[in-house]
Amino acid sequence: MKSIIVGTAGHIDHGKSALVRALTGTDPDRLEEEKRRGITIDIGFATLDLGQEYRLGFVDVPGHERFVKNMLAGVGGIDLLLLVIAADESIQPQTREHFDICRLLEIPRGIVVLTKSDLVDQDTLDLVKLDVEEFVEGSFLEAAPIVAVSSRTGAGLDQLREVLRTAAAE
């Protein structure tokens with residue numbers, strides 16, 4: 001079985017932890033304070049087996065600017081990035097900061113995940129996709145898949161699993 005380390009990155013409240021929980025069934029927010037405050041403070045972990053071939057180890061990082069050191073510790077050794085952007089807010093300050101960190105660390109590949117897709121109409125989702133394509137132009141994510149999902153309804157999660165399987169194979 002091939003093991004791949006997948007890290008999240010993105011702005012606070014864009015659904016990184018909810019996405020990891022929806023994909024794996026494991027809540028990466030394990031600290032009492034995280035549960036009480038409703039934000040990720042420290043890096044969290046979860047795994048997802050994609051059949052007999054691939055095991056994905058997820059590193060979920062905090063999105064709040066005060067916890068950027070913890071974010072940096074979490075993404076240092078990842079093989080694949082999930083750049084998480086909420087469809088109802090688009091690109092935000094920590095999206096930019098996390099993306100810059102990932103570029104500096106020379107993360108080899110990634111996937112852009114548009115979370116909270118159930119909160120917007122198709123026209124808005126299309127506009128956010130265009131913003132994202134412009135944002136990642138010229139970077140390691142320029143040709144990356146962009147997958148819209150809803151962690152609440154489950155929409156798009158099967159497609160994301162298939163995109164993860166393809167990325168793991170590469």
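Since this is a predicted model, take the numbers as computed values, not measurements.
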Is a side-chain donor or acceptor of [X] paired with a backbone partner of [Y] at a separation under 3.5 angstrom?
X	Y	result
His98	Gly10	yes
Lys116	Ile85	no
Thr24	Val20	yes

Identify each donor-acceptor pair in which a side-chain atom of residues 99-107 lies under 3.5 Å from a protein atom, sequence neighbours left out, and give them as a table.
unit_1	atom_1	unit_2	atom_2	d
Asp100	OD1	Arg103	NH2	3.3

Item to check | Working for side-chain contact (heavy atoms from CB on, under 4.5 Å), residues Leu127 and Thr124 | outcome: CA-CA 5 Å; Leu127 285 173; Thr124 302; 5.6 Å; no
Please enumerate all residues that pass side chain to side chain donor-acceptor pair (under 3.5 Å) together with [X], with sequence neighbours excluded.
X	result
Glu89	His14
Asp123	none
Arg55	Asp49
Thr153	Ser150

Item to check | Residue that, paired with Phe58, satisfies side-chain contact (heavy atoms from CB on, under 4.5 Å) out of Leu82, Leu80, Thr26 | outcome: Leu82
Checklist entry - Residues in side chain to side chain contact (heavy atoms under 4.5 Å, CB included) with Asp79, at least two apart? => result Ile4, Ile5
Checklist outcome for this item: Across all chains, not counting sequence neighbours, the side chain to side chain contact (heavy atoms under 4.5 Å, CB included) partners of Leu157 are Leu19, Ala22, Leu23, Val149, Arg161
Side-chain donor-acceptor contacts of residues 163-170 below 3.5 Å, not counting sequence neighbours, with atom names and distances?
unit_1	atom_1	unit_2	atom_2	d
Arg165	NH1	Leu50	O	3.2
Thr166	OG1	Glu162	O	3.1

Using atom types as modelled, flag every donor-acceptor pair under 3.5 Å from a side chain in residues 131-148 to any protein atom, sequence neighbours excluded.
unit_1	atom_1	unit_2	atom_2	d
Ser139	OG	Val136	O	2.6
Ser139	OG	Leu141	N	3.1
Glu142	OE2	Gly138	N	3.2

Checklist entry - So, for Ser90 and Thr95, which heavy atoms are closest and what is the spacing to 0.1 Å? => result O-OG1, 4.5 Å
Checklist entry - Are any of the side-chain heavy atoms of Asp60 and Phe45 separated by less than 4.5 Å? => result no
Checklist outcome for this item: Residue set satisfying salt bridge (charged side-chain N to carboxylate O under 4.0 Å, His left out) with Asp126, at least two apart, ordered chain then number -> none
Item to check | Verdict with reasoning, Leu114 to Leu125, per side-chain contact (heavy atoms from CB on, under 4.5 Å) | outcome: CA-CA 8 Å; Leu114 301 181; Leu125 190 59; 3.9 Å; yes
Next on the checklist: Applying side-chain contact (heavy atoms from CB on, under 4.5 Å) to Leu81 and Ile111, what does each step give before you reach the verdict?
Outcome noted: CA-CA 6 Å; Leu81 173 71; Ile111 300 165; over 6 Å; no
Next on the checklist: Would you compute the distance between atom CD of Gln94 and atom NE2 of His11 and round it to the nearest 0.5 angstrom?
Outcome noted: 5.5 Å
Item to check | Qualifying ring-ring contact (aromatic ring centres under 6.0 Å, His included) pairs with a residue from residues 141-170, counting only residues at least two apart or across chains | outcome: none
